[in-house]
Amino acid sequence: MAAAELGLDAGFIPALHKPSALLPIAKHRDALLYTVETHPVTIVVGQTGSGKSTQIPQFLEKAGWCADGKVIAITQPRRVAATTVAIRVAEEFGCELGKEVGFSIRFEDVTSEATRIKFLTDGLLIREALVDPLLSRYSVIMIDEAHERSISSDILLGLLKKIRRKRPELRIIISSATLQAEEFLRFFSESTEEAKSADTVKSDEKQDAPVGAIVSLEGRTYPIDILYTEKPAEDYLEKAISTVFDIHTSEPKGDILVFLTGRDEIEKAVEAVSERSAQLPAGSEAILPLPLYAGLPTEKQMYVFDEAPANFRKVIFSTNIAEASVTIDGIVYVVDCGYVKLRAYNPQTGIETLTATPVSKASAAQRAGRAGRTKAGKCFRLYTEEAYLALPDANPPEIQRSNLAPFILQLKALGIDNVLRFDFLTPPPAELMTRALELLYALGALDDYAKLTKPLGLRMAELAVEPMMAKTLLSAPSFGCLGEMLTIAAMTSLGGSIWVQGDAGKEEAESARRKFAADEGDHLTLLNVYQAFVTKGRKEARFCHDNLINFKAMTRAMSIRAQLRRWLERFGITEDDSSSVAQAGAGAGVNKAEQIRRCLTTGYFAHAARMQPDGSFRNVSGTTVLHAHPSSLMFNRKADWVIFHEIMESGEKTFIRDITKIEKNWLVEYAPAFYSTM
DNA sequence: GAGCACTGC
């Protein structure tokens with residue numbers, strides 16, 4: 001029926017999204033379905049804008065892959081992606097979100113009996129495997145953005161390879177944006193030792209049929225001119241700023257996106273640009289510099305999406321967040337400093353570092369691609385072409401530079417006892433494995449044969465907190481402080497976002513914090529903040545504002561706490577109705593705070609340190625100098641022995657965060673094997 | 001006496 005017959009011609013409503021028939025992927029529909037039909041594994045290579053995440057699940061559903069009540073799962077490395085893609089697909093599919101099309105992320109399960117296409121985070125799918133090891137409710141599992149090599153998606157690939165042998169009918173789709181397609185295909189084609197023995201049993205499976213195939217989809221992007229510097233930049237920050245002005249004065253209209261490495265640089269750049277833009281000739285277009293980084297309050301992050309006012313050119317100075325997590329329309333020019341801050345983990349010291357590292361070719365390509373989303377663009381790389389050619393193809397995957405303890409625990413709980421022989425796409429270094437196994441053993445999660453202990457180890461695996469905190473929580477009932485420990489676990493898992501680093505002066509922020517300070521340290525301080533919030537903050541709108549507390553973070557702490565409590569209830573561990581520390585200190589249970597500190601020691605004994613006369617700390621072996629992070633109460637207080645939640649090296653110094661005073665003899669009492677020589 | 005790229009259960 002023509003639109004005119006319906007009388008719609010008077011006022012057209014612009015389409016929210018491109019009709020799917022216009023997406024390049026539509027041309028590949030039949031080829032794609034045929035490959036999925038005939039191969040257990042399909043590698044889809046498509047750039048951003050190819051529509052793979054939204055279209056492939058719908059093609060599959062229409063082709064009958066959801067018969068018999070089976071479900072198609074699509075995993076995403078980020079929560080936002082899982083929700084936004086689900087919303088879009090539900091719209092295109094013409095259903096209410098949570099019916100045929102739904103999503104599931106931690107704390108939010110928007111699915112139902114009717115759900116056939118389900119978007120979820122990769123970490124959550126691993127958790128589902130704990131309950132349903134063969135992921136038997138899914139007919140097709142698509143791992144989206146697999147090229148990002150998140151630790152969870154890497155582990156999922158290993159699990160799926162294993163599951164595939166027991167479920168030959170399962171279809172696996174790996175979506176990859178870059179040159180890594182062959183590597184994924186090789187991974188699924190190679191048989192492991194374990195698989196070889198399984199294949200001899202299953203001789204009916206055709207040995208010579210290819211396991212997988214690669215399907216390429218073209219993206220819908222515009223050409224981008226790549227420009228390099230003639231000589232290496234001495235100071236890329238300065239070079240970035242001058243490049244912005246060069247673009248502004250000599251290039252046509254269009255917003256600029258500048259990739260830098262961190263908050264410091266970004267704030268400096270924003271300041272420098274606003275100062276220098278005053279010197280622009282009168283009457284010329286002005287520059288509007290905007291910062292973008294994860295630590296920025298959400299409202300301020302939103303400014304980057306607003307259109308610049310008339311006669312302004314928008315310049316966004318961003319961290320890596322704009323490389324994949326956040327997409328800004330209207331960017332025509334990209335300036336790439338060539339560096340990214342990467343997290344690394346030193347298995348010898350157990351210390352995480354965050355260091356600026358040259359980007360990979362894959363990252364550089366992704367950054368440049370941000371310029372060509374709406375029309376032809378330009379990318380200014382602040383390094384020479386020679387330097388570009390010397391860059392690695394990709395950064396080392398996360399699994400090779402992380403603390404593996406939480407993942408080893410999960411694999412063990414999935415029945416994979418020999419984690420050293422688990423089929424990793426890229427095996428982690430042996431020292432990382434050893435370190436993780438040693439920690440899990442010291443915590444009592446593994447026995448002398450490296451088998452998961454029951455119930456302790458199994459329960460630790462099922463709790464969605466780090467192993468050290470899981471152990472602490474499971475010890476809490478015997479110290480009579482489960483209620484408090486649940487709160488502390490929820491609060492520490494927020495990772496520093498409790499205080500709003502508003503425009504208010506530092507002193508003001510300090511004094512706000514001091515109101516909740518507990519002599520024993522940061523953990524009890526966090527407990528005080530939470531308890532004040534649940535008694536006052538939820539009722540009084542001004543509470544958070546007056547105390548510079550992040551309301552959203554506190555709400556999140558409440559749901560994390562509730563989730564942890566429910567998990568423990570499933571183990572038959574219920575919260576005691578113990579009184580708050582404040583009350584305890586004032587009255588009957590004077591030792592409550594001590595019980596909490598003791599309980600923390602049962603999980604965090606490996607994170608112990610002793611204060612030196614100069615106020616710095618040393619680790620137990622005395623080999624490393626540690627500093628209380630400026631956000632810690634212990635930053636300017638006296639202490640002797642302490643335990644801490646987190647350790648991180650940044651710049652020249654190694655900082656510890658969330659610190660609580662303990663007694664030295666508790667270390668030997670709760671971790672005799674670990675501290676036998678003390 | 002001074003600061004953390006980005007995810008996630």
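Sequence lines set the chain letters: A, B, ... in the order given, protein chains first and strands last, and positions in each chain run from 1. Bear in mind that the values here come from a model prediction, so they are computed numbers and not experimental data.
As a whole-Å value, the separation of A:E265 CD from B:dC4 P is 13 Å. Rounded to whole Å, the distance from CD1 on A:I151 to P on B:dC9 is 15 Å. Atoms CG (A:D109) and C1' (B:dC9) sit 14 Å apart, rounded to a whole Å. Remark: C1' of B:dA5 and CG of A:L260 are 12 Å apart, rounded to the nearest angstrom. At whole-Å resolution of the value, NZ in A:K341 and C1' in B:dC6 are 12 Å apart. If you measure from atom CZ of A:F617 to atom P of B:dG1, you get 14 Å, rounded to the nearest angstrom. Rounded to an integer number of Å, the gap from A:E398 CD to B:dA5 C1' is 12 Å. Residue A:Q563 contributes atom CD, which lies 9 Å from atom P of B:dC9 at whole-angstrom precision.
Considering CZ of A:F422 and CZ of A:F407, their distance stands at 11.5 Å, rounded to 0.5 Å. In this structure, CZ in A:R565 is found 10.0 Å from OG1 in A:T487, a value given to the nearest 0.5 Å.
Applying the 4.0 Å criterion to OP1 and OP2 of B:dC9, one finds that A:T121 has a side-chain N or O inside that range. The side chain of A:K653 contributes an N or O atom lying less than 4.0 Å from OP1 or OP2 of B:dA2. Close to B:dC6, at under 4.0 Å from its OP1 or OP2, lies a side-chain N or O of A:T319.
Heavy-atom distances to DNA chain B give each of A:W567 and A:A294 a nearest nucleotide, and the one nearer the 5′ end belongs to A:A294. Mapping A:L463 and A:G262 onto DNA chain B via the closest heavy atom, the residue that lands nearer the 5' end is A:G262.
Looking at heavy-atom distances under 4.0 Å, A:F635 makes contact with a base. Heavy atoms of A:N320 sit nowhere under 4.0 angstrom from any nucleic acid atom. Within the 4.0 angstrom heavy-atom criterion, only backbone atoms of the sugar-phosphate kind lie near A:I105; the bases stay farther away. Across all strands, A:E646 comes closer than 4.0 Å to base atoms (heavy-atom distances). At a threshold of 4.0 angstrom between heavy atoms, the contacts of A:I321 are confined to the sugar-phosphate backbone, with no base atom among them. Counting any heavy atom pair closer than 4.0 Å across all strands shown, A:R78 reaches sugar-phosphate atoms only and no base atom.
Residues A:S176 and A:Q180 have side chains that never bring a donor and an acceptor to within less than 3.5 angstrom of each other. Side-chain contact of A:D144 with A:S53: a donor-acceptor pair under 3.5 Å is present, judged by distance alone.
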Which pairs of donor and acceptor atoms, one on a side chain in residues 118-125 of chain A, lie under 3.5 Å apart (sequence neighbours left out)?
| residue | atom | partner | partner atom | Å |
| --- | --- | --- | --- | --- |
| A:K118 | NZ | A:E128 | OE2 | 2.9 |
| A:K118 | NZ | A:Y138 | OH | 3.0 |
| A:D122 | OD2 | A:S150 | OG | 3.1 |

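Considering only side-chain atoms of A:R343, the nucleotide from B:dC4, B:dG1, B:dT7 that sits closest is B:dT7. Picking from B:dC6, B:dC4, B:dG3 the nucleotide with the shortest atom distance to the side chain of A:L354 gives B:dC4.
Not one N or O on the side chain of A:R435 forms a donor-acceptor pair closer than 3.5 Å with the backbone of A:A405.
At a cut-off of 3.5 angstrom, the base of B:dC9 holds at least one donor-acceptor pair with the side chain of A:R127.
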